[in-house]
There are 2 protein chains.
Amino acid sequence: MNLNRLMALRKEKSWSLQYVSDQLGMAKSTYAGYESGYRRPSLEAITAMADLFETSVDYILGRIPDPLTHSHQSGPTNEEPIELSTFPDVTLSIDDINLSQDDLCQFVAFIRARREMEQSCLKKDSALSN
Amino acid sequence: MNLNRLMALRKEKSWSLQYVSDQLGMAKSTYAGYESGYRRPSLEAITAMADLFETSVDYILGRIPDPLTHSHQSGPTNEEPIELSTFPDVTLSIDDINLSQDDLCQFVAFIRARREMEQSCLKKDSALSN
DNA sequence: GAAAAAAGTACGCGTAACGAGAACTTTTCC
DNA sequence: GGAAAAGTTCTCGTTACGCGTACTTTTTTC
């Protein structure tokens, strides 16, 4: 059992170890220990992490593939964007032909590359940064 | 945080403390300690319990009301492929940034173009088709 | 390119709490 | 009513946790 998804969830939000540990009310070394697998969190700690990352304990533990399952009650599921970079357990199709994981990989890579180029152009323009 | 649901799940199945602890490979006093709240289980232990009772860790922890959520893939909501060429009323995102209609247009066009190329190659090879 | 700052990693210590066995109490069965 | 099954509680030895500190690496700033 590993908790690799912790790092993935934190990176998705561009948070530092220091920020997450502050939000969770624990030492940076404690949270870092959880991510690296050097330490195992208590039930209270993993529950707090699931709340912070707005996902489920089952997702963090690798028991289910979908980070958004039931963190928000299922229902009008298209209220929530479907995050493609985590390869969610939904099937997409074009012209009634299902898309493969490869198709999704290529699309995610394409969008990321385009965003990077857009960022480079913005820097050259000397735009205000956040 | 309490684990009262453990006892409820065990009673529903008419299992004894001894039987459950045997199934889980732990001492009876250990499992009884979890049910009474006198002891806190490890992540491995609570995962094993969720598997044994055929439910989720989130349910045992009291985070969700439904014991069957996602232990079995939830309803036909993601059984149905989402047809992208009709620009359905769902929102897709990559790295927490929503995709625009333009992004989707480009992706649909890309997949269609690639399929056409694949068709041309197949005709040239005179390969068996599926 | 160098220095500073930020971020991430690893170690050691004191302590909390875990897992289990044993002994006990309560409930069920005959 | 006694035996068996089930449930509860206590204690001990051991494990591993949480944290502070020090270190390394990466990023940012000038």
Using nucleotides 5-11 of chain C, report all nitrogen or oxygen pairs with the protein that are shorter than 3.5 Å.
from	atom 1	to	atom 2	distance (Å)
C:dG8	OP1	A:Arg10	NH1	3.1
C:dG8	OP2	A:Leu17	N	2.7
C:dG8	N7	A:Lys28	NZ	3.0

- Test: A:Arg5 cationic atom under 6.0 Å from A:Tyr59 six-membered ring centre, within 45° of axis: yes
- Note on the structure: Paired with A:Leu9, the side chain to side chain contact (heavy atoms under 4.5 Å, CB included) test is passed by just one of A:Thr55, A:Leu3, A:Leu52, A:Val20, namely A:Thr55
- Query: Can you name the nearest heavy-atom pair linking B:Ser56 to B:Ala50, along with the distance?
  - Reply: C-CB, 3.9 Å
Rounding to a whole Å, what distance do you find between [X]:[atom1] and [N]:[atom2]?
X	N	atom1	atom2	result
A:Ile46	D:dC17	CD1	C1'	15 Å
B:Glu44	D:dC17	CD	P	9 Å
B:Leu43	C:dG19	CG	P	11 Å
A:Arg40	C:dG19	CZ	P	13 Å
B:Tyr31	D:dA6	OH	P	15 Å

- Query: Should the pair A:Tyr19 and A:Trp15 be assigned to parallel (<30°), tilted (30 to 60°) or perpendicular (>60°) ring geometry?
  - Reply: tilted
- Donor-acceptor pair, side chain of B:Asp58 and main chain of A:Asp58, under 3.5 angstrom: yes
- Task: Would you confirm whether B:Thr47, through its side chain, and B:Leu43, through its main-chain N or O, come within 3.5 Å as a donor-acceptor pair?
- Result: yes
- Message: Taking 4.0 Å as the cut-off, does a side-chain nitrogen or oxygen of A:Tyr34 come that near to OP1 or OP2 on D:dG18?
- Response: yes
